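Down below is the structure, laid out as structure tokens.
Each chain gets a letter, A, B and so on, in the order the sequences are listed, and its residues count up from 1. What you see is a predicted model; the values in this text were computed from it and never measured.
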Amino acid sequence: MEPTLIPALVTMGGLGALFAGGLAFADRKLRVEEDPRIGDVLSQLPGANCGGCGLAGCQDFAVKVVGGEKAVTGCPVGGPDVAAEIARILGVEAGESVRLVARVLCRGTAGEHAAVKAGYVGPSSCAAKALVAGGEKACLHGCLGGGDCVDACQFDAIVLNENGLPEVIDELCTGCGACVTACPRDIIELHPEDRQLFVFCRNRDDPRTARKICAVACIGCGICAKKSDGAITMVENLAVIDYTRLDPSIIPVDRCSTKAIGFLHPAAPVADESAGQAASASAAG
Amino acid sequence: MDLLLIFIGAAVVNNFVLSYFLGICPFIGVSGRLSSAVSMGMATTFVLVMTAMVTWVLQAYVLGPLRLEYLQTVAFILVVASLVQFVEMVIRKTSPPLYRALGIFLPLITTNCAILGLALFIQLRGYGFVQSVVFGLGAGVGFTLALCLMAGIREELDLADVPGPLRGAGITLLVAGTMALAFMGFAGMI
Amino acid sequence: MVRLRLRDRSFRGGVHPRDEKALTRDLPLQDMPDPDVLLLPLQQHLGRPSVPAVKKGEWVREGQLLAEAQDGISAVVRAPRAGTITALQSGGTASGFPGRMIALKPGPPPPAADGEEARETAPVTLPALDPGAVAPADVVARTRAAGIVGQGGAAFPTAVKLAPPQDAKLDVLIVNGCECEPYLTRDYRLMIERPAELVEGSALLARTLGVARVVIGVENNKLDAAEALRSAAAAPRRAAWTAGIAVEVLPLRTKYPQGAEKMLIEAATRRRVPPGGLPMAVGAAIQNVGTVLAVRDAVVDGRVQTNAVLTVSGRAIRRPANLRVAVGTPIADVIAHCGGLTDEVARIIVGGPMMGVAQHDLAAPVVKACSGILALTREELGPSLEPGNCVRCGRCAEACPLNLVPSRLSRLAERQRFEEARDSGIEVCMECGTCAFTCPSHVPLVQWLRLGKQEARKLGRRAS
Amino acid sequence: MKARVSARQEVLKGLWDQNPVFRQLLGMCPTLAVTVTALNGVAMGAAVVFVLVCSNLMISLVRKWIPGQVRIAAYIVIIATFVTVVDLTMKARFPELSSSLGAFIPLIVVNCIILGRAEAFASKNGPWRSVLDAVGMGLGFTFGLTFLGSLREVLGSGTLFGVTVLPSWEPWVVMILPAGGFLTLGLILGGVNLITRTVEARRRRAVVEASRVTARIAVTGIAPGSPARGEA
Amino acid sequence: MSAAPAALDQTGGRATPTLATSPHLHGWWTTPRMMWAVVAALVPSLAAGLAFFGWQAAGVPLAAVAGSAAAEAAINRWRKLPFTLGDGSAVLTGLLLGLILPPSLPLWMAGLGGIVSIGLGKAVFGGLGMNIFNPALVGRAFMQAAFPVSMTTWAANRLAADAVSAATPLALVKFREPGLGAVEVAPPIRDLFLGTIPGCLGETSALAILIGGGALLLLKVANWRTPLAMAAGAALFGGALWACNPAQYPHPLFHLLSGGFLFGALFMATDLVTTPITGRGMAIFGFGAGFLTVLIRLFGGLPEGVMYSILIMNAAVPLINRWMRPRIFGAAR
């Protein structure tokens, strides 16, 4: 045993020492300056250089994650734990206190509330529909019903309901804003989860047209604005809420003839104290 | 002629990826985009040729004479890993463009089975030095070929409606399987 | 004699839809009686809308200015008929989208009130100019004053095209008499009925642009028109001032889109306009026959553009016709004048069937550049098929006259990969519809390409 | 850094949630190459379990003394040593198995699972947890290989662990060829994804249902099916 | 809401206005029409096959069609996609597969082949138009690898001069006794052309294939470039070898007429989905496939290489399409 062991030990030890020394030396000599976070991220990664992320190894992944080109969840080997750690390093979830949720600001169900001008032949995507005379609905500001927002949502948090309008599932919504970008009509906005009062319309047509094409359009009458103490202003025939000044209890929502302004959950007194007061106050008056 | 046969054999007939299952991890991982595939293929070819040379020398002048064949695995991987890391550092320092194009793929290659597999095959088949280099080159070209074909297909499939559960690794393996079926046509050529 | 030759010049790609011109080709142009009300959109041209210069209730003379051009690429709107302005309103246009428009009720002036002077009721006319002596700048000014826009489809204000920048080196004027869109016979009728004026107008424009050569391109399914033009262009019949200008009539292969600017320039001169470039980049200027006649009429006769010449056709129209109608006539009135629609109507189109716009609102008016109103039956639209997957047959790429790969571009647009689409040249697409016509799977290629173009333009041009 | 994980979970995660074959797609080369029969799969799995446990334990023990720059090389040497042990043992004890696994025993050195677990787990955790992790991952790998091997063996030769299970089966030779390996694993991955997606979708649907109920309560003030309904 | 309905009232309210993008016209050829046209073009080959191998041989294509149609219907139903058998593509795949299987293959194998063709060749990629490889050839390659013995057992051709022997001409040439020249063992060109030789059901008769395939080329359902380039690739490479050593290597015409070459060139290499979309790309594809066919036939372990060469070129199609993208009109060279 002895005679074979010695050369083995010497060889391996020698090789090991040679390369270890060389590498340590090289590391010192050839070090390249980089973002310290890359090193931090790298230390969290599995380091298997397996390429499972589709990139050239863990170093590349770390660089891309720090550079924002790759999602923190991009490492399939590391799983959620690693993702959480990387997110912590990058400070992605920097103390966001108010949860934002997407809100759909159109309630014009095609054929029911909103007039339909013609049948449409072509791809169902909203963006494509908007190009052809603005889609089936007569309203050029309302929901096209093609579900581009549904496709854009990676969290299945938005569905087209039986009326053909998108509906957000609060519990699944992460407030990422993908649907906001996807909507060619800008009818989706991010709002704090507990916000209740909205103008559910983006129509800026003149009152006559608006009234004609949709039963639930904001027709720009301005009644809500008059009694809002300045929180609601009329911009191009559309009521716009300034939430920093809003006192929902004084808004005469029941006087809105088309119900374009109103509460997300009309009879949900529990969800929003002030909204509840407004509802009961107006009911009394 | 002999060298040509070794080259074609390694590159096409007994393609490392499609018939020896070597280097599957990068084959699946890095075949998403053609540009990365080309870089990865070239980097791998470089390392394969280097490995062929270094391990042959190591075997012929150190392990062989000292009758330490049983240390092959340990010694080879140590040498390859260190060398690759060293080359990466050098490239990174000396040529940032080359590093971005090839260098970043180097660490990924250390754990590519094809590298160690090549070293072991060379010993198993008793190739000489030149033969080893050609074999390494052939294996590298074959790997690059498979990787580029796959990358082209996957870029095309990006635009296809591949069923959800098969997207990613699933369809890649199925395509690889079909490619392996197709490459069976070359069977028996060498 | 102009003969059909198999090797008439053309371009690579293209398709051969059934031309269906037999429905109207032998029907001379007729005047249509004025409707009850004319609707004059403020935007009948590319560029920004014009600004109204009249008030509601005002009575206007025929040819009187109704709206001023807003900037360089805009055009004035003049009253097509004498009448009373009844409203400044918003309404549907043939583009499918609503727009601002002036409503005009044709009729005599209201009786003069006491003590008021009887007003001038004759049409507004511009002084006739001598085509042999008029200065180029005056032709441009007259074109602008007459509110003439291109009749080829894009409705680009013609005055802009007649005043190229100083450094442009033009050597040929190409007159587009291809009329490659199926069904349409408007340009054909103009060429048959007014060949001498067309030659005169071409010479006038050539003089204005400072070129000595005119090529009139005519598809070889209209050889009688080519023959008429050729004899009109023969030297003895022409006015003396046109002597220095060579007018050539060039028969071209009948193929869609032979009348597209780039395709016609290639066929006529073997020069290729670079991607994103204008015809002047290869020394060519190009005008539609309708535009040439409009400019000629404005200069020689002092007439402003008050009428649109159009083909009303399709198997769902009871009495197809070639008509001269007042600009602003609602589509519904034109259709009614032609006997109305049959039960089989499946689609109503303004423009040609390849690039025209399907109409949902027949109250929309005819505008200056309107070339046709078509009512097609289901059978005429081609085989009925649910849009399916692209089968990568490559027919679209083979047919695309601009050498794009429409199948890939449309897929990129559908997948919202607009950057790649832009890098693959999607902005070059002219939406001629050749690809979608030939697609065996009926993929809505043009719609996706249009979306892709719109989004690619938003991305902004990257310095390349 | 993370919530305390029980020893049981540490082992179980390797079997499904983080299964190296089906979920992390690690160690694909041996996965595909040796799974011509179920037995090969088991043998390869056992070899990997041994190397994984030993190297994880060793690395976890010496992790504090290895300098950062050379740690990968050091890990590889440790792993390679144990691989050599397995290789030589198998050559001596099970020559047939050894020859059917071919070069893939020495190639365990570069199996991403082992180096991956060394980097990701053993270098950051104590010996006991590292061993648990190794056992879990190793068993997960073995399970994956055996499953794949069984499927390919049954279809490709009509046998399972060498025992004929489908007597009159016309063997699908393709299954024991490389192509069969790719195709089978590809389809299995699809199946695994289908299962996880279905489970996930069901969970999502439950959330949606719940939110619908909440909304209905909000609107009507009455939970569906609650006794209050009758009175209202 | 506007005057539109009023104007359309002239039609008795039967027509509704439509919003749609231009162009409003479509050409005559649709995908289903093209698929069924190819099916029709296969009839001569099928008829020739039945004449040569008897009515019983109809079972193989029938089983293959049944397998592929059933697979298509089942998969679409499972994925809740529309029913697509009407577009003819599944039937076409099954028929193509059936015609390149040996006439004596057990029927269940033919059916399995049809299922594999659709499942592995088409459905996994997302259905019609999405697949990378020719589905029928995927099925054939799978069968070849799965059942090598059954797939190389040939029935004798009833109309052959030698109606007992059941070795294909390619096998005769490939596995001939050492010392014999290629010319001596190859059957006469006339037999190859008429198809009175053993082989796959639809592949033997060059005449029948040329009738059907020629019709497709004339109708422009198939593009002429690919078959022409494939013939050129095989003829040039095979011809060069033959010129070097006529005793060792067969005549180039033998390459073109034997085995599945014509069938592959006219029906497989012209598949719309899995071949390049530009003319130059098609030429490269065809040439490569022709070259590889001869390479595999003469130097590989298998007598026939058409299937493999087309599959290999299929894998290269995305790269060919990428590099052969046409230059945009007017763009600088």
For the atom pair [atom1] ([X]) and [atom2] ([Y]), what is the distance rounded to the nearest 0.5 Å?
{"X": "C:Leu385", "Y": "E:Thr31", "atom1": "CG", "atom2": "OG1", "value": "6.5 Å"}
{"X": "E:Ile328", "Y": "C:Leu402", "atom1": "CD1", "atom2": "CG", "value": "8.5 Å"}
{"X": "C:Met355", "Y": "E:Thr21", "atom1": "CE", "atom2": "OG1", "value": "12.5 Å"}
{"X": "C:Cys393", "Y": "E:Lys220", "atom1": "SG", "atom2": "NZ", "value": "13.5 Å"}
{"X": "E:Ile277", "Y": "C:Glu398", "atom1": "CD1", "atom2": "CD", "value": "10.5 Å"}
{"X": "E:Asn321", "Y": "C:Ser407", "atom1": "CG", "atom2": "OG", "value": "8.5 Å"}

For [X], is it the side chain, the backbone, both or neither that has a heavy atom under 4.5 Å from a heavy atom of chain E?
{"X": "C:Val357", "result": "backbone"}
{"X": "C:Arg12", "result": "neither"}
{"X": "C:Ile349", "result": "side chain"}
{"X": "C:Thr434", "result": "neither"}
{"X": "C:Gln359", "result": "backbone"}
{"X": "C:Pro444", "result": "neither"}
{"X": "C:Leu445", "result": "neither"}
{"X": "C:Arg378", "result": "neither"}

- Which heavy atom in C:Gly356 sits nearest to a heavy atom in E:His24, and how many Å separate them?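 For C:Gly356 and E:His24, the tightest heavy-atom pair comes out as O-NE2, 2.9 Å.
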- Query: Is a donor on one side and an acceptor on the other found under 3.5 Å between the side chain of E:His26 and the backbone of C:Cys439?
  - Reply: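 It does not hold such a pair.
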- Message: If we ignore hydrogens and angles and just use 3.5 Å, is the side chain of C:Asn403 paired with the main-chain N or O of E:Pro326 as donor and acceptor?
- Response: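 Looks like no, no N/O pair under 3.5 Å.
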- Query: Using non-hydrogen atoms only, which part of E:Trp28 is less than 4.5 Å away from chain C: side chain, backbone, both, or neither?
  - Reply: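 Backbone only.
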- Message: If I measure from the heavy atoms of chain C, does E:Asn223 come under 4.5 Å with its side chain, its backbone, both, or neither?
- Response: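 Side chain only.
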- Item | chain E interface, residue from C:Pro383, C:Pro274, C:Cys396 that has the most non-hydrogen pairs under 4.5 Å |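 Of the options given, most contacts go to C:Pro383.
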- Would one find more than 12 heavy atoms of other residues, nucleotides or ligands at under 6.0 Å from atom CZ of E:Arg77?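 Atom CZ in E:Arg77 is not crowded, with 12 or fewer foreign heavy atoms closer than 6.0 Å.
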